[in-house]
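Report on one structure; see the data block that follows.
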Amino acid sequence: MVRQIGLRALLILIVLRSGFSKAVHVITVIIGDSPTMGYVAQSPGYDVAFSRAVGLFPSALRNITRQTVYRPGAFSCSEAAEIMPFVAVQISNILDEHRFDFNVLISPGCSLEVMTLGDYAREWNVPLLATIAIDQSLTNAQRYPTVVAFPSSDQVTMIQAIISLLDRFSWTTISLICGDQNLKGSDGGVFYLAACRGFLTVLGSQKDKYNLNVQHFDPKVKEGDLDAYSSVLRNAATQSRVILIIIPTNPRLRNFMINAERLGMTEGDFIFIAPRSPMVPTESTLDQQSRNGSSRAADSAFQSLILVNNPTPNWAALSGVLQSIRNTSEVRYNKSLTNIEMLNDITVSAFEVMTILLKVIRDLSPLDMNVQNGITFRQLFLNRTFNPLSRPVYIGPKGMRICDVHISKFNVTSGLMEVSEEYLSVAGNSVRTHALSTVWRGRNGPPVNRPFCGYTGELCLGGLAKTAVIILAVSISTALLATLAIFIAMYHCIFKRSGHGAGRPWWDLRPDLLFVILKTTDWESL
């Protein structure tokens, strides 16, 4: 044993003095064939990023090799996590074969899957870069000291930005509508499931501050069936004036808002806040959707809507990369990608992770590379902004990507949803406002948290009933007095003309005088 340790130390010393850098072996771990996180969906993005970087910097990256550990099949997140221990045996064998190399793991798996793999990475002291996983437990450096997470949707800062909005306008009673049932990966299910759970956790844990009313419903209704959301909207209207709606895809959100318009909920008394996953070109924006029928109703409805999302990729700058991903998928994986499969934020994340990894490796000197381990290598990503072709990527102090947040409102002049505020998470959670931030539908300021008479008018029902009784009593009394006054005036006039009752008070009515009043023919002269 002592001899083996001595030989290994001597080998390391020889390598250090020779100036040669330790070889790097990148292992991509993919379980399943999810249309967004699976082998065929993610691999082309890694391949293109690797080929592009090696082509630009052949000398700096000449000692890098790659390998993929792939388990085919259709697995849920929990099922993939259960399979991971068996996959870990295969990974352990690879690490042993490359024990003199610096090994790096990349996984596009979901949070449960990456959490399980992260425990193994800790024991191996090997860095693990997570492409999609968003669970905040991955920032626990004690349990996951080698994990760096790159989710393109920053749930934490998005929730912080919305809470900042709620607090600024004193909105404390919120209806949370979660369209999170029966979601699939192709429908952005990962984002919307996580968003609903995040708001439930954060707002639900502050019951002394927020009154949260929650509704879950199945968004998988026909997009033209506008009545499907009516009961949800009516219920929300009786509980709050601030509606936090988390529903997948822009066409569904558009139909939801049009239905709110039909129910009279978009005149300025209500505000709808909708967290969104980063926009992709194939989905089109809400304002583009409004050009296709029901434009007038949609434009009116959108004036009561606030969109909240992380910055989107620069699709124009990525056009060449995306075409390369499509070509690679066809040639290497025998898969022709549709626009929806190619133009999505998760595909871009795969490209970003590999590009940033190779950037970090390229910046290391041979000496620095030779002394790296999983823990020290993770430190090279922290508190640092990277600039791949897609967009700036900032990795925070806890090893997870942090994104700014854009808050958008509808501009009636341009007919577009435009950024009204920017929540600058990277710059200390500051807020940068634009002119549109002060514009509100049908009023000079934001909707009130609670109407004067309550959400259903219940606070004014007793007072209104009392007022109605008083008005009715006064009206009846006034009518009686008016009738009496008319009768007296008529009598007084007839009394004088008839000459009856001379020397008697006018109020002393005699039977014969009443006969005169009833029989007189002088009514027209009155």
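Residue numbers count from 1 along this sequence.
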- Task: List the steps, then state whether side chain to side chain contact (heavy atoms under 4.5 Å, CB included) holds for H434 with E422.
- Result: CA-CA 8 Å; H434 303 273; E422 296 173 83; 3.0 Å; yes
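- Residues F386 and I395 form a side-chain contact, since some pair of their non-hydrogen atoms from C-beta on lies under 4.5 Å apart.
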- Message: I'd like to know whether L253 forms a side chain to side chain contact (heavy atoms under 4.5 Å, CB included) with L307, so could you lay out the CA-CA distance, the side-chain angles of the two residues, the decisive distance to 0.1 Å, and finally the verdict.
- Response: CA-CA 11 Å; L253 177 58; L307 298 183; 3.9 Å; yes
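- In summary, the side chains of S304 and T266 do not present any donor paired with an acceptor at a separation below 3.5 Å, with no hydrogens or angles considered.
- Between F272 and A260, the shortest heavy-atom contact is CZ-CB, 3.7 Å.
- A 4.5 Å side-chain heavy-atom check between S153 and Q155 finds at least one atom pair inside the cut-off.
- Here the CD1 atom belonging to I402 is positioned 13.0 Å from the CG atom belonging to L424, to the nearest 0.5 angstrom.
- Heavy-atom minimum distance, T131 versus A350: CG2-N, 3.7 Å.
- Take C110 and apply the disulfide (SG to SG under 2.5 Å) test, not counting sequence neighbours, and it matches C77.
- Looking at F256 and I177, their side chains come closer than 4.5 Å, going by heavy atoms from C-beta outward.
- Judged by a 6.0 Å distance limit and a 45° cone about the ring axis, R66 is positioned over the six-membered ring of F50.
- Judged by distance alone, the side chain of T173 and the main-chain N or O of S240 form no donor-acceptor pair under 3.5 Å.
- Of the possible donor and acceptor atoms, none in the side chain of R391 sits under 3.5 Å from a partner among the backbone N and O of T312.
- Residues V114 and L128 are in side-chain contact: their nearest non-hydrogen atoms beyond the backbone lie under 4.5 Å apart.
- Side-chain atoms of D33 come within 3.5 Å of backbone atoms of G73 as a donor-acceptor pair (strictly under, hydrogens ignored).
- Rounded to the nearest 0.5 angstrom, I174 CD1 and L166 CG are separated by 5.0 Å.
- Residues H25 and T65 bring a donor and an acceptor atom of their side chains to less than 3.5 Å of each other.
- Distance alone, capped at 3.5 Å, is enough to place a donor-acceptor pair between the S319 side chain and the A316 backbone.
- Heavy-atom minimum distance, D269 versus P447: O-CB, 3.5 Å.
- A side-chain donor-acceptor contact under 3.5 Å links S205 to the backbone of T201.
- By the 30° and 60° cut-offs, the orientation of the rings of F377 relative to F381 is perpendicular.
- Considering CG of N310 and CZ of R401, their distance stands at 8.5 Å, rounded to 0.5 Å.
- Listed for the N314 side chain is no donor-acceptor partner under 3.5 Å among the backbone atoms of S390.
- Using a 4.5 Å heavy-atom threshold, the side chains of P275 and L244 count as touching.
- Across all non-hydrogen atoms, the minimal contact from Q142 to P145 is O-CD, 3.9 Å.
- In terms of the side-chain hydrogen bond (donor to acceptor under 3.5 Å, both in side chains) criterion, residue partners of S414 (sequence neighbours excluded) are, by chain and number, E418.
- Interatomic distance, M354 CE to L129 CG, rounded to the nearest 0.5 Å: 9.0 Å.
- From D47, atom CG reaches atom OG1 of T68 across 7.0 Å, with rounding to the nearest 0.5 Å.
- With hydrogens and angles ignored, the 3.5 Å screen pairs no side-chain donor or acceptor of S51 with any backbone N or O of V48.
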- CA sep, side-chain torsions, deciding dist, call: E267, E261, side chain to side chain contact (heavy atoms under 4.5 Å, CB included): CA-CA 8 Å; E267 299 299 322; E261 168 78 10; 4.2 Å; yes
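- Of the possible donor and acceptor atoms, none in the side chain of R441 sits under 3.5 Å from a partner among the backbone N and O of F302.
- Residues Y192 and I247 fail the side-chain proximity criterion, which asks for heavy atoms closer than 4.5 Å.
- Residues R384 and D363 are paired through a salt bridge, judged by an N-O separation under 4.0 Å between the basic side chain and the carboxylate.
- Of the N and O atoms on the side chains of D154 and Y394, not one donor lies less than 3.5 Å from an acceptor on the other residue.
- The two residues S78 and L112 make their nearest non-hydrogen contact at CA-CD1, 4.1 Å.
- The shortest side-chain heavy-atom distance between P397 and N383 falls under the 4.5 Å cut-off.
- Between the side chains of Q372 and D368, not a single donor N or O lies within less than 3.5 Å of an accepting N or O.
- By the neighbour-count criterion of 12 heavy atoms within 6.0 Å, atom CZ of R168 is densely surrounded, having more than that number from other residues, nucleotides or ligands.
- Atoms CD and CG, from Q239 and L176 in turn, are 11.0 Å apart once rounded to the nearest 0.5 Å.
- With hydrogens and angles ignored, the 3.5 Å screen pairs no side-chain donor or acceptor of S408 with any backbone N or O of M417.
- Taking the six-membered ring where tryptophan is involved, the planes of Y70 and Y39 are essentially parallel, since the angle between them stays under 30° and well short of 60°.
- A 4.5 Å side-chain heavy-atom check between N255 and R252 finds every atom pair outside the cut-off.
- Proximity of a side-chain donor or acceptor of T355 to a complementary backbone N or O of A49 within less than 3.5 Å is not detected.
- Side chains of T172 and N449: a donor-acceptor N/O pair is present below 3.5 angstrom, by distance only.
- A pairwise comparison of heavy atoms in T116 and Y120 identifies O-CD1, 3.3 Å as the closest pair.
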- Output, in order, the C-alpha distance, side-chain angles, deciding distance and verdict of side chain to side chain contact (heavy atoms under 4.5 Å, CB included) for L358 and F57. CA-CA 10 Å; L358 299 178; F57 309 99; over 6 Å; no
